[in-house]
2 protein chains.
Amino acid sequence: MARRTRECAEETRDEILNAAERLFYDHGVTRTSLEEIARAAGVTRGAVYWHFRNKIDLFEAMQERAERPHGEFMRRLAACETDAPLPALRDACCQAMRLLAADERRRRVYAIVTSRCEHVAEMAGAAARKRQIKDQVISRFTHVFEHARHIGVISPAWPPKVAAQCLFSLILGLVTDWIERPEDYDLSRRGPACIGVFFRALGAEKPRHGLPFAARRTRVPPIGMTKDGR
Amino acid sequence: MARRTRECAEETRDEILNAAERLFYDHGVTRTSLEEIARAAGVTRGAVYWHFRNKIDLFEAMQERAERPHGEFMRRLAACETDAPLPALRDACCQAMRLLAADERRRRVYAIVTSRCEHVAEMAGAAARKRQIKDQVISRFTHVFEHARHIGVISPAWPPKVAAQCLFSLILGLVTDWIERPEDYDLSRRGPACIGVFFRALGAEKPRHGLPFAARRTRVPPIGMTKDGR
DNA sequence: ATGTACATACATTCGTGTTTGTATGTAAAG
DNA sequence: CTTTACATACAAACACGAATGTATGTACAT
């Protein structure tokens, strides 16, 4: 074990993170001990405690390493306020989902953060980061939809905030659904399919009179909210 | 502690489940010991081990107790294939979200299952139940949308399966987003608002020619999928 | 009198944090 | 260009608490 130079130390650190990723993903965070992580990385707990203060520190380092490509998405969102904002926004969202589906590491870490660990007080850091990202994304979405409304390329039926919340929730739901069983679900296909139709609907207007579609046989019920609709 | 009759035993069991709910929600599943649960319920671990085989058994009992009202939603979905399927489906979904938001117990248990426990091998039972419910819901959704397409009350732009996946993911995303910080998010308002506009869009058709909305100033970009849309 | 519904006590395992030991790298001094 | 001195990068051992499962005790109900 003659690896004491700086680069070798970095390599050790990376392999510890790799091992933690695999074990966290397979057995959950609390059920994997630092001993197991060390063994899987070919070192001992001494090395782990050298590079990280404790398990939470290791966990956050793992998360941080995987979240770096996220900035790209934000930058692309910021560039959406062109004269064709909706296709740009749609393509940015689809691209983000495809990137997530293609990046094994991000997929695993996202699965760990969402479903292989417990969101409790210790994880306050991770929760805060997550919330911050969400607020940024929704804010960006809202700006884009406001811009779209301003230049008249979105149906007035969609208030910008509602559209932003819907788009965010739709993506969140797609990813949440997919992340649980990625093996029987191709996010890079189904995601864009749903997003595509959704954006088509954003640009569509309500039918003027009661008979919009060919096969119509019955009377059109009112589409607005009923008593249930608050 | 003279409570040895059968009803009292049931009461003890319920209070153990109540205590488990609170503690699981506040501190996560793995970080709360059976000792703590017993103390919070005013008993000892002896009582806990009398009523439940172990922590997982207790966990599943807690989940089962909270999930009972779910059957109501399925029954309501089954009754949606009328001549106004979309409003019926929309109202069923909105109602389900309102019920969830109003039921403190279901809310807490849902939060526990999604974010206060680790989805690992031991939880296979919970995962299987969840998946089964999801498959049922999507299947029902699909049937309703097929029926809607058949009687011509939904835009042909929405294939039934895509519509079902979208609706499911939208709801899942809304609930997932809400459950993390229910205090700054009123699901019973924001949920139906999004669902309402979404269903309006389901019934809307694509604009015929390039200038659908009043404030139009720029050229309309094509709304279909681009190269990215796969 | 027997089973129910618990309480109490015990044994054991497991993971963590810390401490100590040690070989190697590395930079300054001679 | 050595040698010295110290920091680095771990390994190994220890101490401790915490949680679990089980075994046993016991009061009450029927």
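In terms of phosphate contacts, A:T12 brings no side-chain nitrogen or oxygen within less than 4.0 Å of OP1 or OP2 of D:dA9. Here A:H51 does not reach the OP1 or OP2 of D:dA9: none of its side-chain N or O atoms lies under 4.0 Å away.
A search for salt bridge (charged side-chain N to carboxylate O under 4.0 Å, His left out) contacts involving B:E72 returns B:R75, not counting sequence neighbours. In this view, B:K55 satisfies the salt bridge (charged side-chain N to carboxylate O under 4.0 Å, His left out) rule with no residue, not counting sequence neighbours. Shown here are the salt bridge (charged side-chain N to carboxylate O under 4.0 Å, His left out) partners of A:R106, two or more places apart in sequence or in another chain: there are none. Applying the salt bridge (charged side-chain N to carboxylate O under 4.0 Å, His left out) criterion to B:E36, with sequence neighbours excluded, gives no partner residue.
In this structure, CG of A:L58 is placed 10 Å from P of C:dT16, rounded to the nearest angstrom. The distance between atom CG of A:D14 and atom C1' of D:dA9, rounded to the nearest whole Å, is 16 Å. Here the C1' atom of nucleotide C:dT16 and the CG atom of A:D57 are 15 Å apart, to the nearest Å. Spacing between atom CD of B:E10 and atom C1' of C:dT4 amounts to 13 Å, rounded to whole angstrom units. When rounded to the nearest whole Å, the span between CD of B:E122 and P of D:dT20 equals 11 Å. Between A:I37 atom CD1 and C:dG15 atom C1' the separation is 12 Å, expressed in whole Å. Going from atom CZ of A:F52 over to atom P of C:dT16 covers 14 Å, rounded to whole Å.
Aromatic ring centres of A:F141 and A:W158 lie farther apart than the 6.0 Å criterion allows.
At a cut-off of 3.5 Å, with distance as the only test, no side-chain donor of A:E118 or A:T30 sits close to an acceptor on the other residue.
A heavy atom closer than 4.0 Å to some atom of DNA chain C occurs in A:S33, A:L34, these being the qualifying members of residues 16-35 of chain A.
Which of C:dG17, D:dA11, C:dT8 sits closest to the side chain of A:Y49 comes down to C:dG17. Between D:dC10, C:dG17, C:dT4, one nucleotide has an atom nearer to the side chain of A:W50 than all others, and that is D:dC10. When distances are taken from the side chain of B:K55 to each of C:dT16, C:dC6, D:dT20, the shortest belongs to D:dT20. Proximity note for B:R45 (side chain, C-beta onward) versus D:dT22, C:dC6, D:dC10: the nearest is D:dT22.
Along DNA chain C, the nucleotide closest to B:A47 and the one closest to A:R53 are compared, and the more 5′ of them pairs with B:A47.
Within the structure, side chain to side chain donor-acceptor pair (under 3.5 Å) pairs that include any residue of residues 38-49 of chain A comprise A:E35-A:R39 (at least two apart or interchain).
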